[in-house]
Amino acid sequence: MGVALAEATLAAAAGEVPVGAVVAVGGRIVARRHNERRATGDPTAHAEVLALRDAASELGTWRLDDAVLVVTLEPCPMCAGAAWAARIGRLVWGAPNPEAGAAGSLYNLGSDPRLNHEYPATAGIRSRECAELLTSFFARHR
């Protein structure tokens with residue numbers, strides 16, 4: 001989670017919502033990104049989507065079933081769906097996302113048996129630090 005927090009800090013410094021994501025395989029980081037929606041004007045430039053794209057490129061496959069996606073904020077439906085589409089092996093997230101969380105708060109795409117792939121999730125890792133980054137960011141920008 002430390003590297004994801006570092007990415008979230010980079011996002012905040014760039015004026016982006018401070019969310020960071022890392023994809024690791026066998027303990028090796030293969031991708032690390034942060035939100036870039038403002039910088040790119042791309043509404044899909046969430047940290048998770050960017051990291052999953054980079055990981056697929058690095059590994060030469062879209063199937064990331066041996067990978068762990070680590071993110072500082074519980075993924076939204078788009079990002080949880082991207083993790084599903086990538087056949088991610090595990091999701092780890094920090095702060096809950098009560099407004100748009102799709103890994104337990106509002107929805108739980110990773111454990112929906114109606115879908116053709118499920119992935120386990122571990123929630124709340126370093127949640128206080130992850131939440132503090134977001135709270136501080138929004139306090140400064142409101």
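- One hydrophobic cluster, built from ILVMFWY side chains closer than 4.5 Å, cannot hold both L5 and L73; they sit in different ones.
- P75 is not listed as a side-chain neighbour of N97, based on a closest heavy-atom distance of 4.5 Å or more.
- Nearest heavy atom pair, residue D112 against residue E118, reads O-CG, 3.8 Å.
- Across all their heavy atoms, P18 and A11 have their closest contact at CA-CB, 3.9 Å.
- In this structure, V71 and V92 have side chains that are not in contact, with every pair of non-hydrogen atoms separated by 4.5 Å or more.
- Separating the CZ atom in R87 from the CG atom in L64 is a distance of 10.5 Å, to the nearest 0.5 Å.
- Scanning all heavy atoms of the two residues, the minimum distance from G89 to Y119 falls at O-CB, 4.2 Å.
- Linking ILVMFWY residues whenever their side-chain heavy atoms come closer than 4.5 Å, directly or via other members, leaves V25 and V68 in distinct clusters.
- I88 and I29 fall into different hydrophobic clusters, where Ile, Leu, Val, Met, Phe, Trp and Tyr residues are linked whenever their side-chain heavy atoms come under 4.5 Å apart, directly or through other members.
- Remark: the backbone N or O of A47 is paired with a side-chain donor or acceptor of N35 at under 3.5 angstrom.
- Between the CZ atom of F137 and the OG1 atom of T9 there is a distance of 12.0 Å, given to the nearest 0.5 Å.
- Using a 4.5 Å heavy-atom threshold, the side chains of C79 and V49 count as touching.
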Verdict with supporting geometry, D42 and R37, salt bridge (charged side-chain N to carboxylate O under 4.0 Å, His left out) = CA-CA 5 Å; D42 179 355; R37 291 190 313 170; over 6 Å; no
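- Contact check for D54 versus R33: side-chain heavy atoms found under the 4.5 Å cut-off.
- S111 meets the side-chain hydrogen bond (donor to acceptor under 3.5 Å, both in side chains) test with N108; sequence neighbours excluded.
- Here the NE2 atom belonging to H34 is positioned 6.5 Å from the CD atom belonging to E16, to the nearest 0.5 angstrom.
- By the neighbour-count criterion of 12 heavy atoms within 6.0 Å, atom CZ of R128 is sparsely surrounded, having that number or fewer from other residues, nucleotides or ligands.
- Under the 4.5 angstrom side-chain criterion for Ile, Leu, Val, Met, Phe, Trp and Tyr, the cluster partners of L106 are Y107.
- Under the 4.0 Å criterion applied to side-chain N and carboxylate O atoms, R32 and E7 are assigned as salt-bridge partners.
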- request: Take W84 and N116 through the side-chain hydrogen bond (donor to acceptor under 3.5 Å, both in side chains) test and state the conclusion after the steps.
  value: CA-CA 9 Å; W84 165 82; N116 65 348; 3.2 Å; yes
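- Between atom OG of residue S127 and atom CE of residue M1 there is a gap of 9.0 Å, rounded to the nearest 0.5 Å.
- Listed for the E36 side chain is no donor-acceptor partner under 3.5 Å among the backbone atoms of A45.
- Inter-residue side-chain proximity for T44 and M78 is flagged as met; some heavy-atom pair is nearer than 4.5 Å.
- Residues E129 and R126 meet the side-chain proximity criterion, which asks for heavy atoms closer than 4.5 Å.
- W62 and L50 fall into different hydrophobic clusters, defined by Ile, Leu, Val, Met, Phe, Trp and Tyr side-chain heavy atoms under 4.5 Å apart, directly or through other members.
- Between F138 and V17 there is a side-chain heavy-atom pair separated by less than 4.5 Å.
- Taking OG of S105 as the reference point, atom CD of E74 lies at 3.5 Å (rounded to 0.5 Å).
- Remark: side-chain polar atoms of E48 are not paired, donor with acceptor, to backbone N or O of A83 under 3.5 angstrom.
- Linking Ile, Leu, Val, Met, Phe, Trp and Tyr whenever their side-chain heavy atoms come within less than 4.5 Å puts L109 and V23 in one cluster.
- Of all heavy-atom pairs between A51 and A31, the closest is O-CB, 3.3 Å.
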